[in-house]
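Data first, discussion second: the structure below is written as structure tokens.
None of the values given here were measured: they were computed from a predicted structure. Residue numbering restarts at 1 for every chain, and letters A, B, ... go by the order of the sequence lines. We use all heavy atoms of the structure for the numbers below, so side chains are in, but hydrogens, waters and symmetry mates are not.
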2 protein chains.
Amino acid sequence: MAAKKKTQFAILGLLSWKPMSGYDVKKLVDVGLSHFWNENYGQIYPTLDRLVADGLATKKSDHASGKRRRFVYTITRKGKKAFRTWIEAPTDAPIVRNELQLKFFLSSGLPAIDSVRLIKQHQGAQRAALAEYRHSEAVLREALQNDAVSDELDELMTMTGTDSQSRKKQLNTFYLTLRHGIHIIEARLAWCEEAITSLGADLANTET
Amino acid sequence: MAAKKKTQFAILGLLSWKPMSGYDVKKLVDVGLSHFWNENYGQIYPTLDRLVADGLATKKSDHASGKRRRFVYTITRKGKKAFRTWIEAPTDAPIVRNELQLKFFLSSGLPAIDSVRLIKQHQGAQRAALAEYRHSEAVLREALQNDAVSDELDELMTMTGTDSQSRKKQLNTFYLTLRHGIHIIEARLAWCEEAITSLGADLANTET
DNA sequence: TCAGACATGTAAGTCGTTACATGATTCA
DNA sequence: TGAATCATGTAACGACTTACATGTCTGA
């Protein structure tokens, strides 16, 4: 029939940390999961309502005291159970749609110089991403070593609802998740170097 | 409104090598692009018809001489132009949906031992994939060095319609594409090691 | 003969993106 | 006062997956 409703579990997992709104969900996904996951409002709000319909979460208006209207979703016991079941179920292999690789593969009939141009653009984007990740890595590493979070991190920790006991564990999870992103980007950059060298040799052979 | 019709260009790119059927398209995608792309029949056949409707390809019955019924699609001049335009257009960043990373990130509230189990399963799957890739790598490397393709490869080269002049270039593209997959899998495995070590230290700290 | 590969297609349902629509609050 | 951020949602349109449906040919 159809796919696996992973959006539901992703949101359920975030709610298992702390009750939050659709807006909070979006922000946390963007900040914490962006290099291997993404969700958008068009998915999030309907999914939250569905979670409620399925009894996995409850919806409460948090509109009091002259504040903005805001709906906070809280995971139920049934929701926690469903989340645990999902965690323990077999995990699908990573799904990747890499347009650069697709273009590179398909453009084998074109001059090598075109492929090199393609790869160099990609290389630039990956280097920029790496620089950002390296910054976050430094911030997290410092927090882990000094056992004290910076202002920058404090907001994130508040959003996740982490209490002080589990803070270090949560930080380490963030750190390791980021390390995964760094490993992947470095792998892509290593490939760029290798491919450019290989195609450069081609160019030298055919053009001299 | 909606997404970018990359399936169309992926198929167009394959047709730019050689006229082929929907079945051929599926096989080539599975063999050559599987670690960074996938298509299925439910996409392929409608897309091929759409390509024809848009004047980017033509459809011919290849049903003669007691053979099976078979429809072969041929790229048109307009199709080639559209393909070139796509190649030269800005390339989207890779899109990844990594369920393992998602689970790992979300399960930070669970005991470290659960995370370790999760990662070890993933590690096993990645090791198996690496072994397969290593085999293909050896086959391709040999073909490149000896300038002679094995039987195993010959079928692939026939499918792609490569003539003898561009054969070496085509082989090198296959090789580099595969190298990308190997870089990525190695990065994932390196992360697994790192994460298990880190979580192992946690376990030692909290359980002794 | 019979399994496996060849070959084409549809139906149903979900996923996912983008644009649109609307409005409140905060802070410089 | 006006830009940025907070906040919620819908509509339209593809994209994507899976199961189903059907039939042929080849080679062990």
Taking the side chain of Gln43(B) as heavy atoms from C-beta outward, which of dG9(C), dC16(D), dG9(D) is closest to it? dC16(D)
Do any side-chain nitrogens or oxygens of Lys26(A) fall under 4.0 Å of OP1 or OP2 in dT5(D)? no
Within the pair Tyr41(B) and dG9(C), is there a side-chain N or O less than 4.0 Å away from OP1 or OP2? no
5' priority, DNA chain C, between Thr7(A) and Lys27(B) [closest heavy atom]: Lys27(B)
Rounded interatomic separation in angstrom, taking CD1 from Ile44(B) and C1' from dT17(D): 12 Å
Answer yes or no: is there a donor N or O on one side and an acceptor on the other, between the side chain of Arg127(A) and the main chain of Leu189(A), under 3.5 Å? no
Taking only side-chain N and O atoms of Lys5(B), does any of them lie within less than 4.0 angstrom of OP1 or OP2 on dC16(D)? no
To the nearest Å, give me how far apart CD (Glu39(A)) and P (dT18(C)) are. 13 Å
Within the structure provided, determine whether Gln101(B) and Trp37(A) are in side-chain contact (heavy-atom separation under 4.5 Å). no
Please determine whether a side-chain nitrogen or oxygen atom of Asn40(B) lies at a distance below 4.0 Å from atom OP1 or OP2 of dA19(D). no
Mark yes or no for whether Lys169(B), through its side chain, and Leu110(A), through its backbone, hold a donor-acceptor pair below 3.5 Å. yes
For dA7(C), does either OP1 or OP2 sit under 4.0 Å from a side-chain N or O belonging to Arg69(B)? no
Per nearest nucleotide of DNA chain D, the residue lying toward the 5' end, Val72(A) or Trp37(B), is Val72(A)
Let me know the distance between CG of Asn38(A) and C1' of dC15(C), rounded to the nearest Å. 11 Å
Looking at dC15(C), dT8(D), dC16(D), which one has an atom nearest to any side-chain atom of Arg50(A)? dC15(C)
Is Arg97(A) close enough to dC16(D) that one of its side-chain N or O atoms is under 4.0 Å from OP1 or OP2 there? yes
Looking at Tyr45(B), does any N or O in its side chain come under 4.0 Å of the phosphate oxygens OP1/OP2 on dT8(C)? yes
Verdict with supporting geometry, Asn172(B) and Ser198(A), side chain to side chain donor-acceptor pair (under 3.5 Å): CA-CA 9 Å; Asn172(B) 196 234; Ser198(A) 174; 3.0 Å; yes
Would you indicate what Gly42(A) reaches in the nucleic acid, counting non-hydrogen atoms under 4.0 angstrom: base, sugar-phosphate, or nothing? base
Backbone N or O of Asn38(B) within a donor-acceptor pair of the Arg97(A) side chain at under 3.5 Å? yes
